[in-house]
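Here the structure is laid out as structure tokens; the discussion comes afterwards.
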Amino acid sequence: MEGAIVLYPCPGSGHLVSMVELGKLILSNHSSFSISVIIPTAPFEAAATQDYIAAVSATIPSITFYHLPPVALPQNAFNSAKDFPTLVYQLCQLNNPNLQETLLAISSRSKINAFVIDFFCNASFQVSSSLNIATYYYFTSGANNLSYLIYFPKIHRSLTKSLKDLDDMNINIPGSPSIQAKDMPDSLLDREKYVYQCLVDTALNMTKSSGLIVNSFELLEERACRALTNGECAPGDSMPPVYFIGPVVSEKEEDGGQIHECLSWLDSQPSQSVLFLCFGSMGVFYTEQLKEIAIGLERSGVRFLWVVRNPPPNDETVGKLTETDPSIESFLPEGFSERTKDRGYLVKSWAPQKAILNHNSIGWFVTHCGWNSILEAVCAGVPMLAWPLYAEQKMNKTFLVEEMKIALPVNASEEGFVSAVDLEKQVSELVESDKGKAVRERVKAMKDGAAAAMRERGSSRVALAKLAESFGMIN
Ligand code: UDP
């Protein structure tokens, strides 16, 4: 019987694409296996990943996709990025019967060597364990983050209050910078919530799994990688092997061969002169914040390429407009586009981020600190300004600034608001100051380190070979 690796990603583009790219990486180094990807049907963003899945299906026959049937989720469960973790945990839990059926169907044709799951698919650990299938977690964020998650049950046991009631408390764990309680992910702030319990369960199951696969590389997060490998992050528990196999970053956009207009605009800009602003798959701002960004950019005098979305439906300005899809200008200061047309370019909603980051005209990147975006910037050697919005991004900001030293921070209010004055100041600092230059040097070193890690005998390639060996598939 043929050996199969089954991947079970969470259906958010940052998670799903990363998991499929892991599958591609395994195949390109260990070609005798087939990869099956099981995808739960989500009530959101199928369109965002549809083209990507179609392109992979068309070009790589050893990857097969299985789509699980839709399940009944609570009505209106997804309104913003904040709802995402609860929704996907529920989605995977409700999918357990469908998953079991699919795993049984696959195992009737092939031997399943390994089942690799996203941490949001934690509920499936129960199913695969009952079927005696070796289960690995693929962590689509970094080693510092994983350390915090693995250590978290200990923090949970040591406290009686929720983190939301302990705002100023500093949390310290081995191998990572300390984090203020209020900067922990929203899902971990309230111990009474379903999602909180899911995360604690995830951490506990992770330590019982066959292995943890992390999308990072040793040089980028040295201390955290060590603390995970030697078990310091799970005091009193046994730790499975941890494989740092990253950076797993797809080589190119699945753009159907079309060149986005913004890339032609970049062609006409001087080398390393453009500030790129992009806030992930779910980043949106209220009109007040959009205006402030625009003013800050205008005052800074830098060239910019800004991926900008309309504000959320409950925004005041949105409520007053009659058009169903108002132009982005309705939310920006009057005359902004005209005044900045010689040095600024707006892209509505979505841009080919990887191609942009790798364009020679890009000099700096304002990022929401999603892990894929961070790795893409590292691989392109672009220094960052860290502006976290949701999920684990406030922690990522601390790791980027204090530990990896590849970004400067934005200065946000308690509510997360960034003024035009502050933005202008921080952009200038990144662009002009010695601090900014040091960040550029450091990110360049990490770019070289990333390439070295992925080369033959590099740390990530060695880790991948060990992972393959553990899957029982040396070739
Ligand atoms: N992305 C993109 N264009 C956009 C916004 C996002 O190509 O306009 C891609 C980006 O390159 C990255 C992913 O979407 O690969 C976002 O993942 P990340 O982990 O950074 O953030 P998330 O969306 O999960 O918060």
Side-chain angles (χ1 to χ4, degrees), residues 9-22 24 42 44-45 47-53 55-56 78 80-85 87-88 118-120 138-142 144-146 185-187 214-216 246-256 258-263 266 276-285 304-310 328 345-359 362 365-380 382 384-397 399-400 406-407:
C10 143
S13 64
H15 289 252
L16 188 144
V17 172
S18 185
M19 179 76 97
V20 175
E21 290 297 317
L22 170 69
K24 283 161 71 176
F44 56 87
E45 74 149 335
T49 46
Q50 227 164 19
D51 291 351
Y52 173 79
I53 293 172
V56 174
F78 187 63
S80 74
K82 283 213 166 104
D83 302 327
F84 183 79
L87 183 71
V88 286
D118 188 282
F119 76 95
F120 281 131
Y138 176 48
F139 196 64
T140 53
S141 192
N144 278 280
N145 254 300
L146 179 59
D186 286 331
S187 312
V214 190
N215 189 9
S216 191
V248 178
V249 168
S250 62
E251 273 161 34
K252 57 180 177 59
E253 248 79 30
E254 302 297 346
D255 54 9
Q258 289 187 345
I259 302 212
H260 196 284
E261 265 180 31
C262 72
L263 295 169
L266 281 175
F276 174 47
L277 299 94
C278 189
F279 298 89
S281 56
M282 292 183 260
V284 283
F285 294 107
F304 63 88
L305 168 54
W306 179 13
V307 184
V308 54
R309 301 198 171 107
N310 287 359
I328 201 68
Y345 194 101
L346 301 182
V347 179
K348 195 160 172 186
S349 293
W350 191 265
Q353 177 168 299
K354 281 185 290 289
I356 292 171
L357 284 169
N358 284 294
H359 195 287
I362 292 297
F365 179 27
V366 182
T367 174
H368 75 311
C369 304
W371 190 248
N372 292 295
S373 295
I374 292 168
L375 289 182
E376 288 162 15
V378 165
C379 291
V382 179
M384 286 165 269
L385 193 60
W387 184 335
L389 298 179
Y390 49 87
E392 85 288 13
Q393 294 156 10
K394 285 190 194 149
M395 299 171 80
N396 283 349
K397 171 187 154 188
F399 304 144
L400 284 179
I406 53 176

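Counting starts at 1 for both ligands and their atoms, following the listed order. In this text the structure is predicted, and so the values were computed from the model without any measurement. As a basis for the values below, the full set of heavy atoms in this structure was taken, side chains included, without hydrogen atoms, waters or symmetry mates.
- Counting heavy atoms closer than 4.0 Å to ligand 1, residue Phe279 contributes nothing at all.
- Contacts of Trp371 with ligand 1, taken as heavy-atom pairs under 4.0 Å, involve the backbone alone.
- In this structure, Cys262 SG and Phe276 CZ are separated by 7.5 Å, a value rounded to the nearest 0.5 Å.
- Interface of Ala351 with ligand 1, defined as ligand atoms under 4.0 Å from a residue heavy atom, comprises 2 (C), 3 (N), 4 (C), 7 (O), 8 (O).
- Every N/O-N/O distance between Lys354 and ligand 1 stays at or above 3.5 Å.
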Report task. Go through the steps to decide whether Val308 and Phe279 satisfy the test side chain to side chain contact (heavy atoms under 4.5 Å, CB included), and finish with yes or no. Result -> CA-CA 8 Å; Val308 54; Phe279 298 89; over 6 Å; no
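- Contact record, Ala380 with Leu357: CB-O, 3.4 Å, taken as the closest heavy-atom pair.
- Counting heavy atoms under 4.0 Å from ligand 1, residue Cys278 touches it through the side chain alone.
- Residues forming a ring pair (Phe, Tyr, Trp, His ring centres under 6.0 Å) with Tyr390 (at least two apart in sequence, or on another chain): His368.
- Only the side chain of Val307 comes within contact range of ligand 1, with a heavy atom under 4.0 Å; no backbone atom does.
- Of all the heavy atoms of His368, the ones lying under 4.0 Å from any atom of ligand 1 belong exclusively to the side chain.
- Interface atoms of ligand 1 facing Gln393, defined by a heavy-atom separation under 4.0 Å, are 25 (O).
- The aromatic rings of His15 and Phe84 sit tilted, their planes meeting at an angle between 30° and 60°.
- Taking every heavy atom of Tyr390 and a limit of under 4.0 angstrom, the matching atoms of ligand 1 come to 22 (P), 23 (O), 25 (O).
- Here is the list of ligand 1 atoms found below 4.0 Å of a heavy atom in Glu376: 10 (C), 11 (O), 12 (C), 15 (O).
- Side chain of Trp371 to main chain of Asn145: no donor-acceptor pair is present (N/O by atom type, distance under 3.5 Å, no hydrogens or angles).
- Annotation: side chain to side chain contact (heavy atoms under 4.5 Å, CB included) contacts of Pro388 (sequence neighbours excluded): Cys369, Gln393, Lys394, Lys397.
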